[in-house]
Amino acid sequence: MEYALVTGGSRGIGRAVAMRLAAGGMPVIINYKSNTAAAEETKAAIEAAGGVCELLPFDTADPKAIEAAMEQWEAQHTDDYIAVLVNNAGIRQDNIMVFMTDEQWHSVLDTTLNGFFYLTRRVVKGMMTKRYGRIVNVVSLSGIKGMPGQTNYSAAKAAVIGATKALAQEVAPRKVTVNAVAPGFVATDMTKDLDEGELKKLIPAGRFGKPEEVAALVAFLASKEAAYITGEVVNINGGLYT
Ligand code: NAP
């Protein structure tokens with residue numbers, strides 16, 4: 001069976017992606033770090049809608065935890081493989097650079113960039129062997145435009161964009177595509193401390209995006225139909241930046 005693995009699938013954009021892929025008929029593996037209640041809630045919602053869902057918690061910032069989780073999953077699924085990988089887990093630790101701590105810098109880079117590397121290196125092997133795969137990396141407008149107060153986050157997302165383009169060329173002959181989606185402001189826990197009233201004045205569409213809108217784009221890039229799109233970064237930001 002072909003599975004989809006969504007990192008950070010317990011809440012926000014990842015939850016919407018997991019629900020959308022499951023609704024399309026794929027069994028979905030939800031990764032998360034620690035919020036088991038939210039992950040269970042997402043799993044229950046998928047199952048209530050007739051989908052198939054498994055939970056696979058691990059910290060994307062911990063290469064050993066990634067390895068252990070993948071070994072465990074593969075041992076329990078000898079006839080299955082992960083055909084769709086959505087690298088979505090991410091955190092913000094904002095600060096202007098002069099005050100940024102080592103911890104703030106490394107935690108964001110480890111979760112987003114190093115997590116992308118360790119997990120994708122592991123999962124792409126199976127896709128190459130099976131000669132089919134879809135990798136979608138959730139990046140950000142910050143990784144394209146750069147955002148003050150987010151040198152760590154902007155650097156991590158920009159690095160994933162570069163890796164997306166490079167990996168896409170490496171694996172295209174094996175029918176594996178690698179793309180990125182770059183949301184602007186999306187209404188999730190990650191943005192709940194922001195002043196939506198003020199920020200939406202900057203957005204031509206006049207509002208924050210919805211997780212389901214990002215999920216629809218991810219689902220298309222993860223579909224069989226999107227076979228000829230690879231190495232792309234698709235913006236989804238209500239016209240905030242083009
Ligand atoms: P969110 O609501 O804060 O959810 C974050 C998800 O990532 C949760 O499922 C969380 O798991 C998981 N996660 C965090 N650190 C992790 C780690 N070390 N290992 C495994 N899972 C981890 O965030 P969101 O807004 O949906 O953001 C999802 C992605 O979109 C992120 O990459 C973010 O940078 C990107 N993005 C968001 C926006 C936006 O406006 N919201 C804009 C651009 C890009 P737990 O539930 O266990 O904590």
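Whatever order the structure lists them in is the order used to number ligands and atoms, beginning at 1.
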- State whether the side chain of Gln104 and the backbone N or O of Thr101 hold a donor-acceptor pair below 3.5 Å, judged by distance alone. yes
- Query: Is the shortest distance from a Lys or Arg side-chain nitrogen in Lys64 or Asp62 to a carboxylate oxygen in the other one below 4.0 Å?
  - Reply: no
- May I ask whether Thr7 has any heavy atom positioned less than 4.0 angstrom from an atom of ligand 1? no
- Of the non-hydrogen atoms in Arg20 and Ala219, which two are nearest, and what is the gap between them? CG-CB, 3.6 Å
- So, the side chain of Thr111 versus the backbone of Val108: is there a donor-acceptor pair under 3.5 Å, distance only? no
- Interatomic distance, Leu55 atom CG to Ser10 atom OG [nearest 0.5 angstrom]: 9.0 Å
- Nearest heavy atom to atom 17 (C) of ligand 1, choosing from Thr60, Thr188, Val214, belongs to Thr60
- Task: Give a yes or no on this: more than 12 heavy atoms of other residues, nucleotides or ligands lie within 6.0 Å of atom CG of Asp102.
- Result: no
- Hey, looking at atom 32 (O) of ligand 1, which of Val138, Asn88, Leu56 has the closest heavy atom? Asn88
- Task: Please verify whether a non-hydrogen atom of Ala38 lies at under 4.0 Å from ligand 1.
- Result: no
- Task: Among all protein heavy atoms, pick out the one at the shortest distance from atom 46 (O) of ligand 1; state its residue, atom name and that distance to 0.1 Å.
- Result: Ser10 OG, 2.7 Å
- Item | Contact (N/O only, under 3.5 Å) between Ser140 and ligand 1 | no
- Note on the structure: Here the atoms of ligand 1 under 4.0 Å from any heavy atom belonging to Ser34 are 47 (O)
- Note on the structure: Contacts satisfying side chain to side chain donor-acceptor pair (under 3.5 Å) that involve residues 151-172 (not counting sequence neighbours) are Asn137-Thr164
- Query: What part of Thr191 sits under 4.0 Å from ligand 1 if we count only heavy atoms: the side chain, the backbone, both or neither?
  - Reply: side chain
- Quick one: look at Phe185 and ligand 1, take heavy-atom pairs under 4.0 Å, and tell me if it's side chain, backbone, both or neither. backbone
- Please report which non-hydrogen protein atom sits nearest to atom 23 (O) of ligand 1, along with the residue it belongs to and the distance in Å to one decimal place. Met190 CB, 3.7 Å
- Given Asn137, Ile91, Val181, Ile236, which one has a non-hydrogen atom that is nearest to atom 14 (C) of ligand 1? Ile91
- Are the side chain of Asn88 and the backbone of Thr7 linked by a donor-acceptor contact shorter than 3.5 Å? yes
- Task: Give the atoms of ligand 1, by number and element, whose distance to some non-hydrogen atom of Asp59 is under 4.0 Å.
- Result: 17 (C), 18 (N), 19 (N)
- Task: Mark up the atoms of ligand 1 that fall under 4.0 Å of a heavy atom belonging to Ile13, in ascending order.
- Result: 26 (O), 30 (O), 37 (C)
- Could you check which of Gly90, Ala89, Gly12 puts a non-hydrogen atom nearest to atom 5 (C) of ligand 1? Gly90
- Task: Can you sort out which atoms of ligand 1 are near Tyr153, meaning under 4.0 Å from one of its heavy atoms?
- Result: 33 (C), 34 (O), 35 (C), 36 (N), 43 (C), 44 (C)
- Could you tell me if any non-hydrogen atom of Val139 lies under 4.0 Å from any atom of ligand 1? yes
- Asn31 heavy atoms, cut-off 4.0 Å: which ligand 1 atoms fall inside? 20 (C), 21 (N)
- Item | Basic-acidic side-chain contact under 4.0 Å: Arg122, Glu74 | yes
- Query: So, does Asn235 use its side chain to make a donor-acceptor pair with the main chain of Asn237 at under 3.5 Å?
  - Reply: no
- One finds that the ligand 1 atoms under 4.0 Å from a non-hydrogen atom of Asn35 are 45 (P), 46 (O), 47 (O)
- Message: Below a 4.0 angstrom heavy-atom separation, can you tell me which part of Val186, side chain or backbone, both or neither, approaches ligand 1?
- Response: both
- Is it true that Glu196 and Arg207 make a salt bridge, defined as a side-chain N closer than 4.0 Å to a carboxylate O? no
- Purely on distance, is any nitrogen or oxygen of Leu141 under 3.5 Å from one on ligand 1? no
- Query: Any Lys/Arg nitrogen of Arg134 or Glu2 sitting under 4.0 Å from an Asp/Glu carboxylate oxygen of the other?
  - Reply: no
- Decide whether the shortest distance between a heavy atom of Arg92 and an atom of ligand 1 is less than 4.0 Å. no
- Is Asp193 salt-bridged to Arg92, going by a charged N under 4.0 Å from an acidic O? yes
- Below 4.0 angstrom from a heavy atom of Tyr32, which ligand 1 atoms are there? Numbered from 1 as shown, please. 11 (O), 20 (C), 21 (N), 47 (O)
- Task: Identify the two heavy atoms, one from Ala226 and one from Phe220, that lie closest to each other, and give their separation to 0.1 Å.
- Result: CB-O, 3.2 Å
- Message: For atom 48 (O) of ligand 1, what's the nearest protein heavy-atom neighbour? Residue, atom name and distance, please.
- Response: Arg11 NH2, 2.8 Å
- Could you tell me whether the side chain of Thr191 and the main chain of Phe185 form a donor-acceptor pair under 3.5 Å? no
- atom 12 (C) of ligand 1 sits nearest the protein heavy atom Gly8 CA, 3.4 Å
- Item | Atoms in ligand 1 with a heavy atom of Gly184 nearer than 4.0 Å | 38 (C), 40 (O), 42 (C), 43 (C)
